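I have placed the structure first, in the form of C-alpha cells, so that the comments after it can refer back to it.
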Amino acid sequence: MRIGDRDWRTVWMEGGVARMIEQRLLPHRFEIFDAVTHQDTARAIRDMIVRGAPAIGAAGAYGLTQVYREAPQGGGRVEFIERGYELLRATRPTAQNLFHALEYVRRAVEGEPAERQAEAALAAAVEFADRDAEACRMIGVHGAELIPDGATVLTHCNAGWLACVDWGTALAPIYAAHRAGKKIRVLADETRPRCQGANLTAWELMQEGVPVEIIADNAAGYFLRRGEVSLVITGTDRVAANGDVVNKIGTYEKAVLARENGVPFYVALPTSTIDPECPDGDSVTIEERDAEEVLCARGMDESGTMRTVRISPPGAKARNPAFDVTPANLVKALITERGIFEASPYGVAECLQAEK
Ligand code: MRU
C-alpha cells in the first residue's frame with residue numbers, strides 16, 4: 001500500500017534479513033525494524049513489532065527461512081532447525097496463519113538436500129507472502145460488493161494492510177469500495193489495551209484518504225443503536241470448522257450489539273486463517289498477555305519520546321485476554337478470497353473445497 005510516494009509491504013526479506021514496519025511506533029514514527037536472525041524475528045512477533053494474523057504468518061515464514069540459513073551444514077543441523085521451528089511456533093498461540101505458514105515452508109523444504117534447503121525455504125516464504133497479498137486483494141474485490149455507497153462501516157482492532165502483507169482483510173473491501181468511488185465513512189474502535197484501532201487503523205485509512213473517526217471501545221453500542229452504522233466488518237485470527245470466529249478481544253460484544261440492532265456483522269479472512277482441525281472457537285488457545293498492558297497506557301509525549309504511563313492504582317491486578325470467540329450464529333458471512341461463505345460447518349467446508 002502507498003505511504004507518501006512509495007508502495008510498502010508490512011514485512012519482506014532482503015539478503016537474509018526479515019524487514020518489517022515497526023508497528024509499535026506508529027502512528028508517531030515510521031521506521032523499519034531489521035530482524036537479522038531467526039531469534040530477532042521470533043522476538044519481533046512476540047513483542048508485536050509485527051502483528052495481525054496474516055502478517056505474523058509471513059514473518060514466521062521468513063523466520064523459518066532464517067533458521068535454514070543459520071543451521072550448521074554438518075552435525076546438529078536437524079536439532080537446530082527443530083529448535084528454531086519450535087521457537088517461532090511458540091511466539092503467539094492464537095493466529096492460525098503462523099502455524100499454516102511454518103508448515104507451508106517446512107513442507108516445501110522436505111526432501112531437499114541440506115545445501116538447497118535455505119533457497120527452497122526462501123522461495124516458499126516469498127510465495128506464501130505473495131499469495132497472502134493476492135488473497136487480501138481478492139477479499140477486497142468480493143467484500144466491496146457488500147458495502148453500499150454512503151455506508152458507515154464499524155471495525156474493530158486493525159485488520160488492514162498493516163495486519164497482513166498488503167491490502168488487509170476487514171479494510172480491503174473498504175479500500176476497494178473507496179477506490180471505486182463509493183463514499184464510505186469508518187468508525188474505528190480504539191481497541192484497548194494495545195490501541196490497534198486508534199494507532200494503526202486510523203493511520204492507514206488516513207493514508208488512503210478514507211474518512212475515519214476513532215471511537216472509544218464502549219461507544220460502539222451508542223452508534224449501533226442510533227442507526228449510524230450500516231455494517232460491521234472485522235478480521236479474525238482463527239476460524240474453527242464450525243464457523244466460530246476468534247478475533248481481538250471485544251469482537252464478541254460488537255457482534256452481539258450488531259445482532260441486537262439488526263446490523264450485519266461480517267468477518268473477512270484469507271483461507272489460511274481457517275483451522276479445519278479445530279472443531280469450535282472454545283477449543284482455540286486464547287493468548288493472555290501481560291497485565292501491565294491494561295494497567296498502563298502508551299503513547300508519545302510532547303517532546304517526541306514514547307512513554308508508558310500508569311492509569312491504575314499501584315499494586316492493582318488486571319486480566320488481559322487478547323482474543324475472544326464470536327459464535328458462528330452471530331456472523332452474517334465470511335468474506336474470503338474465494339468468495340462469500342456462510343459462517344457454519346457447511347460454509348467453512350464449502351470454502352475450503354472452493355476453486356483456488
Ligand atoms: O494482537 P494483534 O494485534 O496481532 O491482533 C490482531 C487482530 O486481532 C486482527 O483483527 C486479526 O489478526 C485479523 S488481521 C487481518
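The chain is numbered in sequence order, starting from 1. Order of listing sets the numbers, starting from 1, for every ligand and every atom in it. For clarity, every value in this text was computed on a predicted model and none was experimentally measured.
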If the cut-off is 4.0 Å to any non-hydrogen atom of A159, which atoms of ligand 1 fall inside it? 14 (S), 15 (C)

Drop me the distance from D189's CG to T201's OG1, to the nearest 0.5 angstrom. 9.0 Å

Closest non-hydrogen protein atom to atom 8 (O) of ligand 1, residue and atom name please, with distance? D237 OD1, 2.9 Å

Just jot down the ligand 1 atoms closer than 4.0 angstrom to any heavy atom of A53, in number order. 12 (O), 14 (S)

In R194, R192, R24, the residue satisfying salt bridge (charged side-chain N to carboxylate O under 4.0 Å, His left out) with E293 is R194

Given the options D275, D280, D282, R238 meets salt bridge (charged side-chain N to carboxylate O under 4.0 Å, His left out) only with D275

Can you find a non-hydrogen atom of P54 under 4.0 Å from ligand 1? yes

What's the shortest distance from atom 5 (O) of ligand 1 to any protein heavy atom, and which residue and atom give it? K248 CE, 3.3 Å

Any heavy atom of N158 sitting closer than 4.0 Å to ligand 1? yes

More than 12 heavy atoms of other residues, nucleotides or ligands under 6.0 Å from CZ of R319: is that the case? no

Where the closest heavy atom to atom 14 (S) of ligand 1 is concerned, which of C195, G235, A163, C136 has it? A163

Below 4.0 Å from any atom of ligand 1, is there a heavy atom belonging to M48? yes

Regarding R77 and Q117, do their side chains bring together a donor and an acceptor under 3.5 Å, going by distance alone? yes

Against heavy atoms of Q196, which atoms of ligand 1 measure under 4.0 Å? 1 (O), 2 (P), 3 (O)

Charged N to carboxylate O under 4.0 angstrom, R137 versus E134? yes

Please check whether G52 reaches ligand 1 - meaning an N/O of the residue sits under 3.5 Å from an N/O of the ligand, judged on distance alone. yes

Taking only heavy atoms of C164 into account, list the atoms of ligand 1 that are under 4.0 Å away from them. 15 (C)

Heavy atoms of other groups near M300 CE, more than 12 under 6.0 Å: yes

Within a 6.0 Å radius of atom CZ on R46, are there more than 12 heavy atoms belonging to other residues, nucleotides or ligands? yes

What class does the angle between the rings of F30 and W203 fall in, given that below 30° is parallel, 30 to 60° is tilted and above 60° is perpendicular? parallel

If you count the non-hydrogen atoms of other residues, nucleotides and ligands that lie under 6.0 Å from CD in E145, is the total more than 12? no

State yes or no: are the ring centers of H156 and F265 separated by less than 6.0 Å? no

Could you see which bit of T234 sits under 4.0 Å from ligand 1, with heavy atoms only: side chain, backbone, both or neither? neither

Name the closest protein heavy atom to atom 6 (C) of ligand 1, giving the residue it belongs to and the distance to 0.1 Å. R51 NH2, 3.5 Å

For atom 10 (O) of ligand 1, grab the closest protein heavy atom and report residue, atom and distance to one decimal in Å. N247 OD1, 2.8 Å

Counting from 1, what ligand 1 atoms have a heavy atom of R92 closer than 4.0 Å? 1 (O), 2 (P), 4 (O)

Can A322 be said to touch ligand 1, with heavy atoms closer than 4.0 Å? no

Ligand-residue contact atoms, ligand 1 with T169, heavy atoms, under 4.0 Å: 15 (C)

